2 protein chains.
Amino acid sequence: MRDTRAELLLQAETLVRRRGYAGFSYADLAETVRIRKASIHHHFPTKSDLAHALVAAYDARYDAALAEIRAGEPDAIERIAAYGALYLGGVEAGLGCLCAVLAIEGDALPATLRADIARFFEKHIAWLEGVLAEGVAAGSVRVSAEPRATARMVVAALEGALLMERLLAGPEGFRGTLAALCDGLRPAGVSSDRTDTI
Amino acid sequence: MRDTRAELLLQAETLVRRRGYAGFSYADLAETVRIRKASIHHHFPTKSDLAHALVAAYDARYDAALAEIRAGEPDAIERIAAYGALYLGGVEAGLGCLCAVLAIEGDALPATLRADIARFFEKHIAWLEGVLAEGVAAGSVRVSAEPRATARMVVAALEGALLMERLLAGPEGFRGTLAALCDGLRPAGVSSDRTDTI
DNA sequence: AAAAATCTACCTACTCATTGGTAGAACGAA
DNA sequence: TTCGTTCTACCAATGAGTAGGTAGATTTTT
């Protein structure tokens with residue numbers, strides 16, 4: 001027995017992350033999942049229903065990943081490197097960030113969806129702010145501005161790098177940006193042994 | 001006598017930057033420019049012709065702006081701040097970066113267009129690499145990694161911030177990221193008087 | 001346990017607005 | 001008269017979404 005709904009979510013996510021929200025159709029999705037177009041409407045009545053479900057699933061996966069990083073990695077810089085590695089997966093697969101894709105088409109999207117996306121980003125910023133604040137307290141991080149502004153900058157840099165390096169230098173280019181980002185947060189005089197093995 | 005072609009380019013750019021490439025149509029454009037749909041085809045036979053022209057014009061404007069910054073501003077950090085201010089205009093107007101928008105829908109775009117966009121980003125990276133290298137030589141910039149990787153990171157951070165802050169905190173949020181970015185590039189012990197007045 | 005009712009997941013076969021694009025005529029300026 | 005521009009009037013294809021039906025599993029009633 002196959003879980004059609006899950007399959008639809010998986011393939012729809014890939015399509016959106018590859019071609020954008022307006023750039024994929026129920027017909028495309030129907031073809032890749034090998035189901036009739038009308039059957040998709042049974043699971044997701046409208047396209048924006050599907051989009052909501054997509055964001056919810058994506059968000060939940062990130063929630064789990066953030067929690068795991070926090071639990072498994074004590075060092076702040078390593079936590080950020082691990083966070084960056086989540087994006088690296090996208091670059092490797094040639095897929096943009098779901099929420100970045102949707103954010104860009106923002107003006108054409110339902111307001112509720114835009115709110116979901118905003119919450120996604122806010123959550124990441126808050127998480128990073130916490131990580132940075134702890135790192136500063138522990139002396140393993142040097143932040144030039146307030147942690148909040150730096151947190152925003154880190155998310156922005158990673159989102160931007162995913163967007164750009166998918167077209168330019170691929171994983172190679174992304175790793176470079178991630179390394180530069182992490183190095184910039186290290187206190188002066190601390191070596192950066194591990195940044196090239198992220 | 002009005003320059004319809006220029007008007008078309010202007011309005012099309014706004015539409016794309018607001019809703020994405022797949023998210024706007026010749027019908028939309030015709031309505032805002034108050035012309036018939038078929039007349040647009042006279043100026044831009046196909047949609048991808050229009051897209052190419054859009055990128056070319058956008059790219060040319062950035063070329064001019066980068067040259068002006070280089071000519072008018074001697075200090076490296078101030079140059080980067082001025083570069084960031086170019087993006088700020090987008091946040092204020094609620095418009096994404098044209099090339100970021102197109103990059104995200106990359107897989108659905110003609111390959112030639114993708115190449116144009118890649119060149120746009122490469123150019124910015126190269127420009128920033130030059131600015132950073134000069135700054136390092138002059139002692140006004142401290143780069144933790146190689147200038148090339150830092151340059152990539154700067155473009156990524158600004159592209160990402162424009163994308164995100166359009167939905168989140170607006171110009172306020174963007175200025176914060178820009179300040180954090182610039183502060184991170186300043187040599188230790190140098191005050192950041194001007195970052196809040198960018 | 002058998003029969004009846006309901007539900008789930010999928011189907012074919014549409015609707016109807018919109019998409020990018022074309023053909024060819026009309027207009028105005030040089 | 002010719003050229004550049006804009007128009008009306010179309011086209012085939014595709015978009016999201018709907019109507020209504022069928023086969024099979026599940027639940028409810030007798």
Side-chain angles (χ1 to χ4, degrees), chain A residues 1-55 57 101-102 104-114, chain B residues 1-55 57 98 101-102 104-114 116:
Chain A
M1 184 190 101
R2 79 172 186 158
D3 186 347
T4 309
R5 196 190 136 95
E7 184 72 8
L8 283 170
L9 282 173
L10 176 67
Q11 299 300 339
E13 185 184 309
T14 333
L15 283 172
V16 175
R17 293 174 66 185
R18 228 190 275 282
R19 315 213 281 244
Y21 177 69
F24 96 100
S25 73
Y26 268 35
D28 298 328
L29 183 55
E31 198 181 352
T32 64
V33 178
R34 236 88 64 91
I35 205 181
R36 294 298 156 171
K37 200 166 62 90
S39 309
I40 304 178
H41 285 283
H42 170 71
H43 297 274
F44 305 100
T46 72
K47 208 183 173 188
S48 67
D49 287 331
L50 173 56
H52 267 102
L54 245 29
V55 172
V101 170
L102 293 172
I104 276 213
E105 293 171 74
D107 281 39
L109 260 44
T112 56
L113 194 52
R114 243 175 312 168
Chain B
M1 184 190 104
R2 75 170 190 162
D3 187 346
T4 310
R5 196 191 136 94
E7 184 72 10
L8 284 169
L9 281 173
L10 176 68
Q11 298 301 338
E13 185 184 309
T14 328
L15 284 172
V16 175
R17 293 174 65 185
R18 229 190 275 283
R19 316 212 281 242
Y21 178 71
F24 96 101
S25 72
Y26 268 35
D28 297 330
L29 183 54
E31 198 181 355
T32 64
V33 179
R34 235 88 66 90
I35 206 180
R36 295 295 157 173
K37 201 167 59 93
S39 308
I40 304 178
H41 285 282
H42 171 70
H43 297 274
F44 305 100
T46 72
K47 208 185 174 187
S48 65
D49 287 332
L50 174 56
H52 267 101
L54 244 29
V55 173
L98 177 70
V101 171
L102 294 172
I104 275 210
E105 293 171 72
D107 282 37
L109 260 43
T112 57
L113 194 52
R114 244 177 311 172
D116 285 357

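Here the structure is a predicted model, which is why all the values come from computation and not from measurement.
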Tell me if a side-chain donor or acceptor on Thr46(A) pairs with a main-chain N or O of Asp49(A) at a distance below 3.5 Å.
yes
Please tell me if the side chains of Thr14(B) and Thr32(B) come closer than 4.5 Å, counting only heavy atoms from C-beta onward.
no
For Leu102(A) and Leu54(A): C-alpha separation, side-chain torsions, deciding distance, then whether side chain to side chain contact (heavy atoms under 4.5 Å, CB included) applies.
CA-CA 11 Å; Leu102(A) 293 172; Leu54(A) 245 29; 6.0 Å; no
Mind jotting down which residue pairs meet the ring-ring contact (aromatic ring centres under 6.0 Å, His included) criterion with at least one end in residues 26-47 of chain A? Sequence neighbours excluded, please.
Tyr26(A)-His41(A)
Tell me the interatomic distance from His43(A), atom NE2, to dG17(D), atom P, rounded to whole angstroms.
16 Å
Considering only heavy atoms from C-beta outward, does the side chain of Tyr21(B) approach that of Lys47(B) to under 4.5 Å?
yes
Starting from C1' on dG21(C), measure out to NE2 on His41(B) and report it in whole angstrom.
5 Å
Below 4.0 angstrom from OP1 or OP2 of dT5(D), is there any side-chain N or O of Thr4(B)?
no
Any idea which heavy atoms bring Leu113(B) and Ala51(B) closest together, and the distance?
CD2-CB, 3.6 Å
Integer-rounded Å distance: dA23(C) P and His42(B) NE2:
16 Å
Take the protein atom CG of Asp49(B) and the nucleotide atom C1' of dG20(C), then report the distance between them rounded to whole Å.
12 Å
Within the 4.5 Å heavy-atom criterion, are Arg19(B) and Asp28(B) side-chain neighbours or not?
yes
Return the value, rounded to whole Å, for the distance between atom CD of Glu7(B) and atom C1' of dT5(D).
16 Å
Nearest heavy-atom contact between Gly20(A) and Val101(A) is CA-CG1, 3.5 Å
Measuring to OP1 and OP2 of dT19(C), would you say a side-chain N or O of Ser25(B) lies under 4.0 angstrom away?
yes
For Tyr26(B) and dA13(D), what is the distance between atoms OH and P respectively, to the nearest whole Å?
20 Å
May I ask you to list the residues of residues 11-21 of chain A, by number, that have any heavy atom positioned under 4.0 Å from an atom of DNA chain D?
none
Base, sugar-phosphate, or nothing: which does Phe24(A) touch, judged by heavy atoms less than 4.0 Å apart?
sugar-phosphate
How close do Ala53(B) and Arg5(B) get, heavy atom to heavy atom, and via which atoms?
CB-NH2, 4.3 Å
How many whole angstroms separate atom CG of Leu50(A) from atom C1' of dG15(D)?
15 Å
Expected rows: protein N/O vs nucleotides 7-9 of chain D N/O, under 3.5 Å:
residue : atom : partner  : partner atom : Å
dC7(D)  : OP2  : Arg36(B) : N            : 2.7
dC7(D)  : OP2  : Ser39(B) : OG           : 2.8
dT8(D)  : OP2  : Arg36(B) : NE           : 3.1

When rounded to whole Å, the NZ to C1' distance for the pair Lys47(B) and dG20(C) reads 8 Å
